[in-house]
Amino acid sequence: MTTSTDEPRRAPGRTAPGARAVAAGAVGNFIEWYEFGVYAYFATVVAANFFTPQGGGAAEALVKTYATFALAFFFRPLGAFLLGRAGDRFGRRPVLIAAVVTMTGATTLIGALPTYATAGAAAPWLLTALRIVQGLSAGGEFGGAVALMTECAPDGKRGRYGAWQSFTVALGLLGGAAAATLVTTVLSAAQVAAWGWRLPFLAALPMGALALLLRLGLPESPAFRRTVPDRAGGDGAPPAPRPPLRSTAREVVLGCGRLVAWSAAGYTFLVVLPSYLQNTVGASPARSLLTTVIANLGFAAAILPAGALSDRVGRRAVMVTGAALSAVCALPLLHLVQQRSAPLWLTCGAVAVAGALVGLLAGPGPAMLAETFRTPVRTTGLGVAYAVFSGCAGLLVTELIRRTGNPDVPAYYVIVTCALGALALATLHRDDHRRALRD
């Protein structure tokens, strides 16, 4: 059933306030991306501590570190399916609570793990197990948070409400960069390698406690109340029928294609960049962190305006433009970053532009996905679509550079994926942003 009005969403006493829904949905997402940012920024240190037994090579260890990084993302589709099914059956709120508890616990435990020097071969296996737990919980986090934010959004504002999910990705990555910068500035290189790297992971515990408090007090999504009233404390109306499996599978495939540009460009420019600059370009850790922070600032600056613009001109116009520009600009921007003798302002300008191009995709992206699926399968569908193609950039780029010796691999990766993504995004309807979410 498709609703043409937003009145049920505004019924007194039955609706989670929009700002509260955004805060509760965004805070867990911040923690998730803070952790992934920290893991990426300390990838070389993690490699040395967990994947470099005596005689092992640094490049091989870094590949294994990114393999573990990607492993968490390989488990995201499973987490998105399992927790998404629970979110579509029992509600968005319980899934968001479970996701933040498991993510916070796993991140904190990474900060307390014994290294290879202490635990031997058990150390990388323990790290891998915790990354799997993080992948499962992160899979449910995205679907539940985006469903909650967009279902609580007023008419004509789904783009800007959903954009807060992407905005907290930028904040989380910036938070991770800030924590890494603080640790590497205050402590010596030896202290960072020995124990300082643990501090940013342990900092997830108080942040997770705050997120849990916000989510415990959150009412259920109004759209879920309408479609599954027997589970959400509704008025006893029959639940909305679940869409056919074939229809949902088709929408998941479309969602994956429409996300490929956002995912590939985002992970390449915002997450993989620090290790690439250090290991391929030969930049110092301080310069690598600075340029990464600038890239994320450009990303953050573009997200909310892009989401709001998509509420006016449509998701398709904004996202196709972002994908096309990312494909065209990837190689020139990477060449600027590769020039170690280039002025710092020029390098920072290049990565800021790269981040802003990703922001054009990430701002409207959550609302675009929410509009793709009906309410009874929305958490599962958008979570699985988002999780299928993500997190592989570090592993692919690092391994391909190691095998080919070509430093332009990241640009080629972005060009191919963004070209494919632009074609998939062109299948969006021009007026999706004006239509009500489908129950």
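Note that the structure is a prediction, hence the values are computed from the model and not measured.
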Does Arg131 make a cation-pi contact with Tyr39, if we ask for NZ or CZ under 6.0 Å from the ring centre and within 45° of the axis? yes
Shortest non-hydrogen pair, Asn29 vs Arg215, comes out as N-NH2, 4.1 Å
Do you know which of Phe167, Tyr267, Phe142 makes ring pair (Phe, Tyr, Trp, His ring centres under 6.0 Å) with Trp33? Tyr267
Donor-acceptor pair, side chain of Ser263 and main chain of Val260, under 3.5 angstrom: no
When you measure from the side chain of Glu220 to the backbone of Arg225, do you find a donor-acceptor pair of N or O atoms at a distance under 3.5 Å? no
Check the pair Phe269 / Val414 against side-chain contact (heavy atoms from CB on, under 4.5 Å), numbers first and verdict last. CA-CA 9 Å; Phe269 290 141; Val414 171; 4.2 Å; yes
Backbone N/O of Ala424 and side chain of Thr427: donor-acceptor pair under 3.5 Å: yes
Looking only at heavy atoms, what is the nearest atom pair of Ser326 and Cys418, with distance? CB-SG, 3.6 Å
Is any side-chain heavy atom of Leu130 less than 4.5 Å from a side-chain heavy atom of Leu113? yes
OG of Ser137 to CD1 of Ile31, rounded to nearest 0.5 Å, is 10.5 Å
Any donor-acceptor pair under 3.5 Å from Tyr386 side chain to Gly255 backbone: no
Would you mind reporting whether Asp432 and Met368 have side-chain heavy atoms less than 4.5 Å apart? no
Side chains of Cys152 and Val22: closer than 4.5 Å at any heavy-atom pair? no
Is there a donor-acceptor pair under 3.5 Å between the side chain of Ser310 and the backbone N or O of Gly307? yes
Minimum heavy-atom distance between Ala385 and Leu369, given as atom pair plus value: CB-CD2, 4.2 Å
Rounded to the nearest 0.5 Å, how far does CZ of Phe30 lie from CG of Leu210? 10.5 Å
I'd like to know if the side chain of Thr107 and the backbone of Thr104 have a donor-acceptor N/O pair within less than 3.5 Å. no
Check: Gly144 main-chain N/O paired with Arg92 side-chain donor or acceptor under 3.5 Å: no
Check this for me: does any side-chain nitrogen of one of Glu151 and Arg93 sit under 4.0 Å from a carboxylate oxygen of the other? no
Taking all atoms of both residues into account, what is the closest heavy-atom pair of Pro364 and Val318, and its distance? CG-CG1, 3.7 Å
Would you compute the distance between atom CZ of Phe201 and atom OG1 of Thr108 and round it to the nearest 0.5 angstrom? 10.5 Å
Please examine the side chains of Val252 and Phe373, heavy atoms only from C-beta on, and report whether any two atoms are closer than 4.5 Å. yes
Any Lys/Arg nitrogen of Glu141 or Arg76 sitting under 4.0 Å from an Asp/Glu carboxylate oxygen of the other? no
Counting C-beta onward and ignoring hydrogens, is there a side-chain heavy-atom pair between Phe75 and Val133 closer than 4.5 Å? no
Shortest non-hydrogen pair, Leu344 vs Leu290, comes out as CD2-CD2, 3.6 Å
Run the ring-centre check on Trp262 versus Phe299 and record whether the distance is less than 6.0 Å. no
Is there side-chain contact between Leu360 and Met319, with heavy atoms separated by less than 4.5 Å? no
Given side-chain contact (heavy atoms from CB on, under 4.5 Å), test Tyr413 with Thr417 step by step and report yes or no. CA-CA 6 Å; Tyr413 177 69; Thr417 52; 4.2 Å; yes
Spacing of CG belonging to Leu109 relative to CG belonging to Leu202, to within rounding of 0.5 Å: 9.5 Å
Applying the side-chain contact (heavy atoms from CB on, under 4.5 Å) criterion to Leu325, which one of Leu361, Leu357, Val320 satisfies it? Leu357
In this structure, CZ of Arg250 is separated from OG1 of Thr248 (nearest 0.5 Å) by 11.0 Å
Flag the pair Glu371 and Arg315 as a salt bridge only when some basic side-chain nitrogen lies within less than 4.0 angstrom of an acidic carboxylate oxygen. yes
Exam field: side chain Arg434 to backbone Gly314, donor-acceptor pair closer than 3.5 Å: no
Starting from the C-alpha separation in whole Å, work towards a yes-or-no answer on side-chain contact (heavy atoms from CB on, under 4.5 Å) for Thr379 and Leu148. CA-CA 9 Å; Thr379 304; Leu148 180 74; over 6 Å; no
So, Arg316 side chain and Ala426 main chain: donor-acceptor pair closer than 3.5 Å or not? yes
In this structure, are over 12 heavy atoms from other groups packed under 6.0 Å from His429 atom NE2? no
Within the 4.5 Å heavy-atom criterion, are Thr102 and Leu136 side-chain neighbours or not? no
Atom of Tyr34, atom of Ala179 and distance for their closest heavy-atom approach: OH-CB, 3.7 Å
Would you check, one step at a time, whether the test salt bridge (charged side-chain N to carboxylate O under 4.0 Å, His left out) holds for Arg160 with Asp311? CA-CA 7 Å; Arg160 65 191 71 184; Asp311 285 331; 3.5 Å; yes
Evaluate the criterion side-chain contact (heavy atoms from CB on, under 4.5 Å) for residue pair Ile97 and Leu212; output intermediate values, then yes/no. CA-CA 6 Å; Ile97 291 172; Leu212 180 60; 3.8 Å; yes
Pair Arg378-Thr150, side-chain donor/acceptor within less than 3.5 Å: no
For the atom pair NE2 (His433) and CZ (Arg312), what is the distance rounded to the nearest 0.5 Å? 10.0 Å
Quick one, Gln339 and Thr347 - any side-chain contact, counting heavy atoms below 4.5 Å? no
Could you check whether any side-chain N or O of Thr380 sits under 3.5 Å from a backbone N or O of Gly84, counting only pairs where one atom can act as donor and the other as acceptor? yes
